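Below: the structure, in structure tokens.
Note that the structure is a prediction, hence the values are computed from the model and not measured. Chain A is the first sequence line, chain B the second, and so forth, proteins listed ahead of strands; every chain is numbered from 1. Heavy atoms only: backbone and side chains are in, while hydrogens, waters and symmetry mates are out.
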Amino acid sequence: MRIEKNLRYIMDDNVSPYFSNAGLVSNTDMNQSCSNEAPSCGKRLEKSFFDKKSTTLAKELLGQILVRKVDGSLLRGMIVETESYLGENDVASHSYNGKRTPRNEPMYMAPGTLYVYSIYGMYYCLNISSQGEGSCVLIRSLEPIEGIDEMIAGRSFKRTSKSRPLKEHELCNGPSKLCLALNITKDLCNKVDATTSDEIWLESGRSVPESDIVTAKRIGIESAGHEWANKPLRYYIFKNKHVSVKDKKAEASYCN
DNA sequence: CTACGGATGCCCT
DNA sequence: GGGCATCCGTAGA
């Protein structure tokens, strides 16, 4: 029943090469389904993958798979939008000026460590620590791959019977939406080492060519001032429906 | 499509 | 006490 419903979603929204075989059930199937994409597809990303400066990591995380175990079932989403936070020199970073508090401690931990913080009293954002003191990558959007029904259940928070049903591309198209969909909370995931955890980790997906990466300004940091608010430190996959905010000007130079 | 107000509570000063 | 790397519903073009 659940699989049947998932498949229907996939059929309705079959835009990603990742979905070519619609393998939704097990790790084994996943590996088989993308064996033509990349030799390492479906393998856990190791420490060395994360040990890069945040701008590089932010781009290389595009196309990779975030995996979360919820009540014994696996939820998977492909990362389609990220932001780089540079550390002590970045006015918009929680670690600006080398600021270090109990909240942002994970930003200073080993690359691959998750930094989950609460925002606006009711939401969370997920970051991954990168190379460099106090720098990290914010995960802004996912394209759901597996566990759609669980994601819908997670996103029912704050929604009523009057609310319009969510479309698939609305499940994870925002930093706090994806945390709701994948049950990522500070209590459960903050400071977790994603290279060793059995509850949340990353797997290699497809590699996104530079020509498919749109570079744009970051979202929601106007208070950092124009100069830093406008730095091109947000990255997303061109034409992907699951991106939270598109930048038409940045996309104008792309074809198709 | 964009604009805006309200929700809601943690964290730092 | 004020700010916040957000989301949602409504209003209007």
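- For the pair A:Asn127 CG and C:dC4 C1', the computed distance is 14 Å after rounding to whole Å.
- Residue A:Thr101 places at least one side-chain N or O under 4.0 Å from the OP1 or OP2 atom of B:dC12.
- Mapping A:Ser223 and A:Leu178 onto DNA chain C by nearest heavy atom places A:Ser223 closer to the 5' end of the strand.
- Rounding to whole angstrom units, NZ of residue A:Lys231 and P of C:dA5 are separated by 19 Å.
- At C:dG9, none of the side-chain N or O atoms of A:Arg164 fall inside 4.0 Å of OP1 or OP2 (strictly under the cut-off).
- Within 4.0 Å of A:Arg218, counting heavy atoms only, lies no atom of the nucleic acid at all.
- Between A:Glu143 and A:Asn240 the shortest side-chain heavy-atom distance falls below 4.5 Å.
- Under the stacking definition used here (centres under 5.5 Å, planes under 30°), the residue A:Tyr120 fails to qualify as stacked on the base of B:dA7.
- Phosphate contact (OP1/OP2 of C:dG9, side-chain N/O of A:Ser163, threshold under 4.0 Å): present.
- If you take CG of A:Leu180 and C1' of C:dT6, they are 10 Å apart, rounded to a whole angstrom.
- In this structure, A:Arg100 reaches neither bases nor backbone, as no heavy-atom distance under 4.0 Å exists between it and the strands shown.
- Not one side-chain nitrogen or oxygen of A:Lys158 sits closer than 4.0 Å to the OP1 or OP2 atom of B:dT8.
- The cationic group of A:Lys47 does not satisfy the cation-pi geometry with A:Phe50, failing either the under 6.0 Å distance to the six-membered ring centre or the 45° limit from the ring axis.
- With rounding to whole Å, A:Met122 atom CE is found 5 Å from B:dT8 atom C1'.
- Listed pair A:Arg140 / C:dT6 meets the phosphate criterion, a side-chain N or O lying under 4.0 Å from OP1 or OP2.
- Of all nucleotides listed (C:dC8, B:dC11, C:dT6), B:dC11 comes nearest to the side chain of A:Lys186.
- B:dC10 atom C1' lies 13 Å from atom OH of A:Tyr117, rounded to whole Å.
- Taking atom NZ on A:Lys99 and atom P on B:dC12, their separation rounds to 7 Å, with Å as the unit.
- Heavy-atom neighbours of A:Glu251 CD from other residues, nucleotides or ligands within 6.0 Å: above the threshold of 12.
- Taking side-chain N and O atoms only, A:Arg103 has no distance below 4.0 Å to OP1 or OP2 of B:dT13.
- The ring pair (Phe, Tyr, Trp, His ring centres under 6.0 Å) check on A:Tyr235 picks up nothing, with sequence neighbours excluded.
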Checklist entry - Can A:Arg164 and A:Glu170 be said to form a salt bridge (Lys or Arg N to Asp or Glu O under 4.0 Å), step by step? => result CA-CA 11 Å; A:Arg164 182 176 50 79; A:Glu170 297 173 311; 3.1 Å; yes
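- Atom CD1 of A:Ile128 is separated from atom P of C:dA5 by 19 Å (rounded to the nearest Å).
- If you check B:dC1 for Watson-Crick or wobble pairing at under 3.5 angstrom, you find it paired to C:dG12.
- Counting to the nearest Å, the P atom of C:dC7 and the CG atom of A:Leu171 are 13 Å from each other.
- Phosphate contact (OP1/OP2 of C:dC4, side-chain N/O of A:Ser118, threshold under 4.0 Å): absent.
- The pair A:Asp212-A:Arg206 fails the salt-bridge criterion, with no side-chain N (NZ, NE, NH1 or NH2) lying under 4.0 Å from an Asp/Glu carboxylate O.
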